[in-house]
Amino acid sequence: MNIAMIVAAGRGYRLGGPLPKQYLTLGGQPILRRTIMALASHKEIDAVQVLIHPDDTALYEAAVEGLDKLRPVLFGGATRQDSARLGLEGIAGLKPEKVLIHDAVRPFIAPETITAVLAALDRVPAVIVGVPLADTLKRVENGVITGTVDRAGLWRAQTPQAFRYADILAAHRHAVVSAPGTEFTDDSMIAEHVGMRVEMVAGTEDNFKITTAGDLARAEFMLRG
Ligand SMILES: Nc1ccn([C@@H]2O[C@H](COP(=O)(O)OP(=O)(O)OP(=O)(O)O)[C@@H](O)[C@H]2O)c(=O)n1
Ligand SMILES: C[C@](O)(CO)[C@H](O)COP(=O)(O)O
């Protein structure tokens with residue numbers, strides 16, 4: 001069984017706005033609804049598990065009305081890492097083989113990218129989506145450039161980040177006790193922490209994360225074509 005797990009328990013502080021950003025409308029539909037549909041419509045995804053903030057239950061129910069493949073919703077935690085781990089613990093009873101962990105605010109994930117990620121998981125235990133860095137990276141302190149970071153070999157990680165379920169569950173559990181103070185900003189970092197070999201699959205810039213108001217404007221523009 002392949003499960004897509006969508007982490008949607010954030011508050012969207014960097015975007016601001018009247019609601020947590022995953023519930024803001026994009027082209028007339030909540031962003032979260034679009035993301036769920038993008039994953040649930042893929043023939044190799046058997047079920048979708050969403051992690052939400054406890055305060056967002058009514059927003060969630062309204063956003064997902066009529067959608068297929070949805071598991072009963074679970075509550076996330078204080079960090080993205082906590083939400084992902086709680087989700088992994090919560091789907092244990094399904095005995096999934098593969099799990100794809102995806103940000104709720106990346107609604108433009110393409111079906112071919114999902115296909116590529118799942119195919120890669122037949123060969124390796126972990127694979128994520130990303131794009132090579134195209135800008136020059138600067139280190140800045142108090143508004144002054146203190147150096148240029150060599151961008152050779154650097155990629156910007158996206159999601160989905162996909163794993164064999166037992167491996168990533170064990171890795172998350174290990175990280176809680178082995179690195180309690182570390183902020184693991186993505187699930188690949190947790191896999192790397194336990195020495196897992198993680199492959200990178202090239203995605204597209206369209207699969208960007210809606211983080212700021214500017215990103216939301218970009219997403220609206222994309223939909224208008
Ligand atoms: N405690 C958290 C924090 C984040 N997320 C999810 O992780 C994804 C990526 O996180 P980010 O873009 O940082 O979302 P927020 O944390 O909501 O944004 P901000 O940091 O601006 O508050 C989002 O789908 C978000 O809902 C989560 O499930 N649980
Ligand atoms: C998981 C992620 O989208 C990969 O780039 C990113 O790490 C999420 O970071 P955020 O600060 O939780 O948005």
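This chain uses plain numbering: 1 for the first residue, then up along the sequence. We count ligands from 1, going down the list as the structure has it; atoms in each ligand are counted the same way.
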> Which residues pass the side chain to side chain contact (heavy atoms under 4.5 Å, CB included) test with V140, sequence neighbours left out?
Replying inline: K138, I145
>> Just verifying a value: how many Å separate L88 CG and Y165 OH, rounded to the nearest 0.5 Å?
In response: 6.0 Å
> ligand 1: which residues have a non-hydrogen atom closer than 4.0 Å?
Replying inline: V7, A8, A9, G10, R11, G12, Y13, R14, K21, Q22, G77, A78, T79, R80, S83, D103, A104, V105, K209
>> Is the terminal nitrogen or CZ of R106 (NZ for Lys, CZ for Arg) located under 6.0 angstrom from the six-membered ring centre of F208 and within 45° of that ring's axis?
In response: no
>> Among I114, I109, V48, exactly one meets side chain to side chain contact (heavy atoms under 4.5 Å, CB included) together with H42. Which residue is that?
In response: I114
>> We want to know whether T35 and H102 form a side-chain donor-acceptor pair, criterion being a heavy-atom distance below 3.5 angstrom.
In response: no
>> I want to check something: taking the side chain as every heavy atom from C-beta on, are R71 and L94 in contact at a cut-off of under 4.5 Å?
In response: yes
> Under a 4.0 Å heavy-atom cut-off, what residues line ligand 2?
Replying inline: R14, R80, D103, R106, A157, T159, T185, D186, K209
>> Between D215 and T212, is there a side-chain donor-acceptor contact under 3.5 Å, judged purely by atom types and distance?
In response: yes
> Do any pairs count as a side-chain hydrogen bond (donor to acceptor under 3.5 Å, both in side chains) and have a residue in residues 173-194, sequence neighbours left out, and if so which ones?
Replying inline: R80-D187, E89-R173, Q161-D186, H172-D187, H174-S178, S178-H193, S188-E192
> Side chains of Q158 and V131: does their closest heavy-atom pair fall under 4.5 Å?
Replying inline: yes
